[in-house]
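Some notes on the structure that comes next.
As the structure is a computational prediction, the values presented were derived from the model and not from experiment.
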Amino acid sequence: MIDKMLNNIEFFNDEEDLKIKEDLKKVIKVGYSEMLEFFNIEKYNFKLNGIVIYKSIEEFQKEMFGKKRDDFGISCIKNKKLQIVNPKNPGKINNYDSVQKGAIYNLVLVIVDNMSSKSYIPDWLRVGVGVYVSKLQNANKTKMDISIDRFSSGYLNFSASYFVVNYIIRMYGKKKLLELLQNVDGFKEILGVSTKDFDIEINKYYKGTK
């Protein structure tokens with residue numbers, strides 16, 4: 001259920017670029033199919049009215065946030081539309097491909113936010129799933145120290161969130177991850193391990209990955 005969104009792509013204060021439009025349509029269509037497969041659902045209605053593409057990261061952030069942020073802020077959903085930076089002008093740390101994946105990331109978050117029976121989903125879980133499904137990151141090893149308990153105190157790291165989700169899928173299976181999304185308070189019950197012991201296991205796993 002993405003046709004309405006894909007049929008209304010506009011360029012904010014910029015000339016229309018047909019290649020960008022077609023590339024984005026292809027990426028989102030593929031990404032949509034991958035989302036359905038990942039979440040084991042037949043369809044999902046995003047209820048979005050279109051996509052707005054901004055000619056620069058500065059203009060995008062001014063319109064979305066009212067001020068300049070770091071260059072990681074390249075896409076979001078606002079006013080029932082997917083809002084993104086022009087992938088040809090993505091700032092210093094992004095590129096054409098990562099802007100497109102950033103669009104998928106935001107669509108994944110829409111699904112994640114509607115999965116839980118609770119009114120919240122921990123940021124590490126929603127962000128980690130978003131990064132994993134959108135393929136913004138796909139590494140299988142890291143030297144960083146990862147801590148679920150540290151996440152709970154307000155710390156958030158996109159990469160660390162991804163590595164937690166990647167680890168859960170590899171060691172416990174995607175089914176357990178989806179159960180966790182639907183019952184965010186059932187960490188120990190679903191995975192059979194406390195967050196403290198999980199932190200020990202996950203760091204041991206990644207430190208030992210060749």
Next item on the list: Could you grab the distance from atom CE of Met5 to atom CG of Asn45, nearest 0.5 Å is fine?
Entry: 10.0 Å

Item checked: Inter-residue atom distance Ile57.CD1 - Ile93.CD1, 0.5 Å rounding -> 7.0 Å

Check: Given side chains that start at C-beta, do those of Leu107 and Leu48 come closer than 4.5 Å, heavy atoms only?
Finding: yes

Margin query: For a quick check under 3.5 Å, do Tyr54 and Glu63 share a side-chain donor-acceptor pair by atom type?
Written below: no

Notebook entry, point to check: How close do Gly73 and Gln61 get, heavy atom to heavy atom, and via which atoms?
Noted result: O-NE2, 3.0 Å

Next item on the list: Look only at the side chain of Asn86 and the backbone of Ser56, and say whether a donor-acceptor pair between them is shorter than 3.5 Å.
Entry: no

Notebook entry, point to check: Stepwise, does the side chain to side chain contact (heavy atoms under 4.5 Å, CB included) test hold for Ile41 with Lys43?
Noted result: CA-CA 6 Å; Ile41 53 180; Lys43 61 182 179 179; over 6 Å; no

Note to self: Let me confirm one number: the CG-CD1 distance from Asp197 to Ile148, rounded to the nearest 0.5 Å.
What the structure shows: 12.5 Å

Next item on the list: Looking only at non-hydrogen atoms, find the nearest pair between Ser161 and Val127 and report the distance.
Entry: CB-CG1, 4.1 Å

Note to self: In this structure, would Tyr120 and Trp124 fall into the same cluster of hydrophobic residues linked by side-chain contacts under 4.5 Å?
What the structure shows: yes

Next item on the list: Scan Phe65, Phe12, Phe11 and name whichever one has a ring-ring contact (aromatic ring centres under 6.0 Å, His included) with Phe60.
Entry: Phe65

Note to self: Using 0.5 Å steps for rounding, measure from the NZ atom of Lys175 to the CG atom of Leu177.
What the structure shows: 13.0 Å

Item checked: Close side-chain approach of Lys19 and Asp23, heavy atoms under 4.5 Å -> yes

Notebook entry, point to check: What do the steps show when you test Lys21 against Ile51 for side chain to side chain contact (heavy atoms under 4.5 Å, CB included), and what is the final call?
Noted result: CA-CA 10 Å; Lys21 285 181 68 173; Ile51 301 172; over 6 Å; no

Next item on the list: Could you check whether the rings of Phe38 and Tyr132 sit parallel, tilted or perpendicular, using 30° and 60° as the cut-offs?
Entry: tilted

Notebook entry, point to check: Just how far is it from atom CG of Leu24 to atom CD1 of Ile53, taken to the nearest 0.5 Å?
Noted result: 5.5 Å

Margin query: With no hydrogens and no angle check, just 3.5 Å: does a side-chain donor-acceptor pair link Asn13 and Lys55?
Written below: no

Margin query: Under the criterion side chain to side chain contact (heavy atoms under 4.5 Å, CB included), I'd like the reasoning laid out for Tyr32 against Val27: C-alpha separation, chi angles, the key distance, then a yes or no.
Written below: CA-CA 8 Å; Tyr32 178 66; Val27 167; over 6 Å; no

Checklist line | pair Val52-Asn79: side-chain heavy atoms closer than 4.5 Å | finding: no

Item checked: Side-chain H-bond candidate by donor/acceptor type, Gln137 with Ser159, under 3.5 Å -> yes

Notebook entry, point to check: Heavy atoms, side chains only, cut-off 4.5 Å: are Leu82 and Asn106 in contact?
Noted result: yes

Checklist line | All side chain to side chain contact (heavy atoms under 4.5 Å, CB included) counterparts of Glu37, not counting sequence neighbours | finding: none

Next item on the list: Keeping the roles fixed (side chain from Ser98, backbone from Asn94), state whether a donor-acceptor pair exists under 3.5 Å.
Entry: no

Item checked: Derivation of the side chain to side chain contact (heavy atoms under 4.5 Å, CB included) call for Val108 and Met35 -> CA-CA 7 Å; Val108 173; Met35 287 178 230; 3.9 Å; yes

Item checked: Close side-chain approach of Leu36 and Ser33, heavy atoms under 4.5 Å -> no

Next item on the list: Answer yes or no: is there a donor N or O on one side and an acceptor on the other, between the side chain of Asn114 and the main chain of Val110, under 3.5 Å?
Entry: yes

Margin query: If I compare all heavy atoms of Ile84 with all of Ser75, which pair ends up nearest, and what's the gap?
Written below: CG2-CB, 3.7 Å

Check: Does a side chain donor of either Asn166 or Tyr206 reach within less than 3.5 Å of an acceptor in the other side chain?
Finding: yes

Next item on the list: Flag yes if Val164 and Ile200 sit in one hydrophobic cluster, no otherwise; membership is Ile, Leu, Val, Met, Phe, Trp, Tyr, and two members link when side-chain heavy atoms are under 4.5 Å apart.
Entry: no

Check: What pair of heavy atoms forms the shortest contact from Val131 to Phe158, and how long is it?
Finding: CG2-CD2, 4.2 Å

Item checked: Point-to-point distance, once rounded to the nearest 0.5 Å, from CE of Met144 to CG of Asn203 -> 10.5 Å

Checklist line | Minimum side-chain heavy-atom gap Glu22-Lys25 below 4.5 Å | finding: yes

Notebook entry, point to check: Can you list every pair that meets ring pair (Phe, Tyr, Trp, His ring centres under 6.0 Å) and has a residue in residues 165-192, with sequence neighbours left out?
Noted result: Tyr167-Phe198, Tyr167-Tyr205, Phe187-Phe198

Next item on the list: Please name the pair of heavy atoms, one in Asp199 and one in Ser147, separated by the smallest distance, quoted to 0.1 Å.
Entry: OD2-OG, 3.1 Å

Check: Under 3.5 Å, is there a donor-acceptor pair between the side chain of Lys141 and the main chain of Lys207?
Finding: no

Notebook entry, point to check: Where do Lys88 and Tyr96 come nearest, in terms of heavy atoms and distance?
Noted result: CG-CE1, 3.8 Å

Item checked: Shared hydrophobic cluster, Val30 / Ile111 (ILVMFWY, side-chain heavy atoms < 4.5 Å) -> no

Item checked: Stepwise salt bridge (charged side-chain N to carboxylate O under 4.0 Å, His left out) test for Glu10 and Lys81 -> CA-CA 10 Å; Glu10 57 184 296; Lys81 291 185 177 181; 2.7 Å; yes

Item checked: Pairs where residues 95-109 contributes a residue and the test salt bridge (Lys or Arg N to Asp or Glu O under 4.0 Å) is met, not counting sequence neighbours -> Asp97-Lys101

Margin query: Can you confirm whether Met171 sits close enough to Ile202 that some side-chain heavy atom of one is under 4.5 Å from a side-chain heavy atom of the other?
Written below: no

Next item on the list: Side-chain contact test, heavy atoms from C-beta onward, threshold under 4.5 Å: evaluate it for Lys176 versus Glu179 and give yes or no.
Entry: yes

